Amino acid sequence: AIMTRRRDPFMMARESLRSRAEQGVYVPGSPVVIMDEARRLNLSTTPVREALVWLSGYGLIERSPTGGFLAPRLDRAIIRDRYAFRLQCVVQSLTGGGDGASSEQALRGTHDSGRDLRGHMLRAVKRTGNAALVDAYQRVCSQLVHLEAAETRLFGDMEEETSRIIDQFGQPWAVSASSLVEALTAYHQRRIEAAPLLMLEVEAGRGEAG
């Protein structure tokens with residue numbers, strides 16, 4: 001059926017533009033030109049415009065006052081807020097408002113995520129079964145992807161830092177609950193405090209790539 005075609009133009013445009021926005025390809029505050037993107041993807045302008053509308057709802061693209069689209073501007077307050085919100089989502093999932101059973105449920109099975117901290121956090125949030133929480137969490141993660149390279153450059157010990165937290169996800173819930181929340185809080189707090197430096201790193205990385 002036509003509906004199930006693998007290369008649906010809207011989906012193609014959305015995935016490509018989303019990936020570029022997440023990776024920080026667009027310079028913050030600069031226009032994202034529909035014609036250019038359509039040409040790059042070899043698509044008509046309609047699916048590209050629809051994809052940009054969808055991504056602006058997701059917070060990865062902004063509507064320009066003149067009616068076009070812009071790469072969102074970055075500032076340290078936004079970066080801080082996003083890290084703080086991601087932490088809130090994960091802590092809420094792990095502490096479950098005091099319900100030990102649902103908290104343990106949020107943790108169970110996260111070891112399937114291997115050595116990927118993001119996978120562990122996402123799985124914990126998904127285990128709550130709260131669709132609105134999962135959606136909000138995935139949005140904020142999407143908005144933080146472009147900072148990952150800057151984090152790696154800025155924090156030389158990132159591998160050990162994430163490794164320690166992943167090990168705690170593997171502990172029995174009774175042992176790890178409060179120490180895991182503490183470790184995740186320290187992890188996010190470090191990034192919240194480093195927001196101005198992370199911004200500079202993003203700029204430097206863009207300069208090198210350009």
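Just so you know, these numbers come straight off a predicted model, no measurement behind them.
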Worksheet item: How would you list, by chain and number, every residue that makes a side-chain contact (heavy atoms from CB on, under 4.5 Å) with R76, sequence neighbours excluded?
Response: R80, A195, P196, M199

Worksheet item: Are any side-chain N or O atoms of R14 and backbone N or O atoms of P9, one a donor and one an acceptor, separated by less than 3.5 Å?
Response: no

Response to the item:
Only residue of E22, R153, R118, M158 satisfying side-chain contact (heavy atoms from CB on, under 4.5 Å) with E148 is R118

Discussion item. Same cluster or not: V140 versus I78, using hydrophobic residues (I, L, V, M, F, W, Y) connected whenever any side-chain heavy atoms lie under 4.5 Å apart?
Written reply: no

Practice prompt. With sequence neighbours left out, write down each residue that passes salt bridge (Lys or Arg N to Asp or Glu O under 4.0 Å) with E161, or none if nothing qualifies.
Written response: R190, R191

Practice prompt. Mind checking salt bridge (Lys or Arg N to Asp or Glu O under 4.0 Å) for D36 and listing every partner two or more places apart, or none if nothing turns up?
Written response: R39

Worksheet item: Does any N or O in the side chain of S16 come within less than 3.5 Å of the main-chain N or O of M12, such that one atom is a donor and the other an acceptor?
Response: no

Worksheet item: Does Q143 use its side chain to pair, donor to acceptor, with the backbone of Y58 at less than 3.5 Å?
Response: yes

Item to complete: Output, in order, the C-alpha distance, side-chain angles, deciding distance and verdict of side chain to side chain contact (heavy atoms under 4.5 Å, CB included) for I61 and L70.
Response: CA-CA 6 Å; I61 293 288; L70 300 170; over 6 Å; no

Fill in: With E159 via side-chain contact (heavy atoms from CB on, under 4.5 Å) - residues at least two apart
none

Worksheet item: To which residues is M35 joined in a hydrophobic cluster, defined by side-chain heavy-atom contacts under 4.5 Å among Ile, Leu, Val, Met, Phe, Trp and Tyr, whether direct or through other members?
Response: V33

Discussion item. Are V202 and V27 linked, directly or through intermediate hydrophobic residues, by side-chain heavy-atom contacts shorter than 4.5 Å (ILVMFWY only)?
Written reply: no

Worksheet item: Does E193 have any salt bridge (Lys or Arg N to Asp or Glu O under 4.0 Å) partners at least two apart in sequence or in another chain, and if so, which?
Response: none

Worksheet item: Counting only heavy atoms not in E182, do more than 12 sit closer than 6.0 Å to its CD atom?
Response: no

Worksheet entry | ring pair (Phe, Tyr, Trp, His ring centres under 6.0 Å) pairs, two or more places apart, involving residues 185-204 | none

Worksheet, complete the sentence: Residue set satisfying side-chain contact (heavy atoms from CB on, under 4.5 Å) with Q23, at least two apart, ordered chain then number -> S19, V25, V145

Worksheet item: To the nearest 0.5 Å, what is the distance between OG (S179) and CD1 (I165)?
Response: 10.5 Å

Practice prompt. Could you pull out all residues at least two apart from N42 that satisfy side-chain contact (heavy atoms from CB on, under 4.5 Å)?
Written response: none

Worksheet entry | Separation of I79 CD1 from L147 CG (nearest 0.5 Å) | 5.0 Å

Worksheet, complete the sentence: Residues passing the side-chain hydrogen bond (donor to acceptor under 3.5 Å, both in side chains) test with E37, sequence neighbours excluded, are Y26, R40

Discussion item. What I want to find out is whether R164 reaches E160 closely enough, with some N-O distance under 4.0 Å, to be called a salt bridge.
Written reply: no

Practice prompt. List the steps, then state whether side chain to side chain contact (heavy atoms under 4.5 Å, CB included) holds for C141 with R82.
Written response: CA-CA 8 Å; C141 283; R82 285 175 180 169; over 6 Å; no

Item to complete: Go through the structure and list residues passing salt bridge (Lys or Arg N to Asp or Glu O under 4.0 Å) with D75, not counting sequence neighbours.
Response: none

Discussion item. Can you pull out every ring pair (Phe, Tyr, Trp, His ring centres under 6.0 Å) where at least one residue sits in residues 66-90? Sequence neighbours excluded, please.
Written reply: none

